[in-house]
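Notes follow the structure.
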Amino acid sequence: MSKLASGGCLCGAVRYTLSKPPEGYGACHCGMCRKWSGGIELGIEVAPGGITWQGEDLIATYKSSEWAERGWCRECGSNLFWRLTAPGPMQGLLALCAGSLDRLDGLELQSEVYIDHKPAGHAFAGDRKRMTEAEVLASVGMTPPEDT
């Protein structure tokens, strides 16, 4: 299996294999991802059933919103993924932490989401797909929260 299609946590207790190598990765600028990752979360989209885990019993999850959960290794604390839990055609979609891959060679930044939450000092060069919070939520069938 390609090193681009395998990875795991820092301590190696949790490993995974992807059914196909990723084509690229995306960046999320939402407040939850910033707090969870300590900066910009770089993720690789994995369709439901597109990943096989080893050490899955060592993965802890946290329901971070009404429509998603986040997972990490119980042993070393490495963040591993964000997963869509809301019912619908995209339920189970996983955003695997790009840094958990064994290698990132040849992968390019393809998208940015929650760009309306991006700190002014964060700027990636180049053209790519960019989506606001409302556009992201609409794409997964959710309604943006009302401003209060």
Looking at Q54, I want to see if its CD is surrounded by more than 12 non-hydrogen atoms of other residues, nucleotides or ligands under 6.0 Å.
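Enclosed: over 12 neighbouring heavy atoms sit under 6.0 Å from CD of Q54.
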Is it the case that one hydrophobic cluster holds both [X] and [Y], taking links as side-chain heavy atoms less than 4.5 Å apart, direct or via other members?
X	Y	value
L107	I51	yes
I115	L42	no
M32	L84	no

Spell out, as yes or no, whether a donor-acceptor pair under 3.5 Å connects the side chain of [X] to the backbone of [Y].
X	Y	value
R130	D127	no
Y16	S100	yes
R15	G7	yes
Y114	A27	no
E45	A95	no
T85	W67	yes
D116	E133	yes

Can you list everything that forms a ring-ring contact (aromatic ring centres under 6.0 Å, His included) with H122? Sequence neighbours excluded, please.
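Testing H122 for ring-ring contact (aromatic ring centres under 6.0 Å, His included), a comparison that skips the adjacent residues, returns none.
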Where at least one partner belongs to residues 28-41, residue pairs that pass side-chain hydrogen bond (donor to acceptor under 3.5 Å, both in side chains), sequence neighbours excluded:
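Of all non-adjacent pairs touching residues 28-41, those that pass side-chain hydrogen bond (donor to acceptor under 3.5 Å, both in side chains) are H29-E112, W36-N79.
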For R70 and C30, work out which heavy atoms get closest and say how close.
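That would be NH2-SG, 4.3 Å.
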Partner set under salt bridge (Lys or Arg N to Asp or Glu O under 4.0 Å) for E56, not counting sequence neighbours:
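Residues passing salt bridge (Lys or Arg N to Asp or Glu O under 4.0 Å) with E56: none at all.
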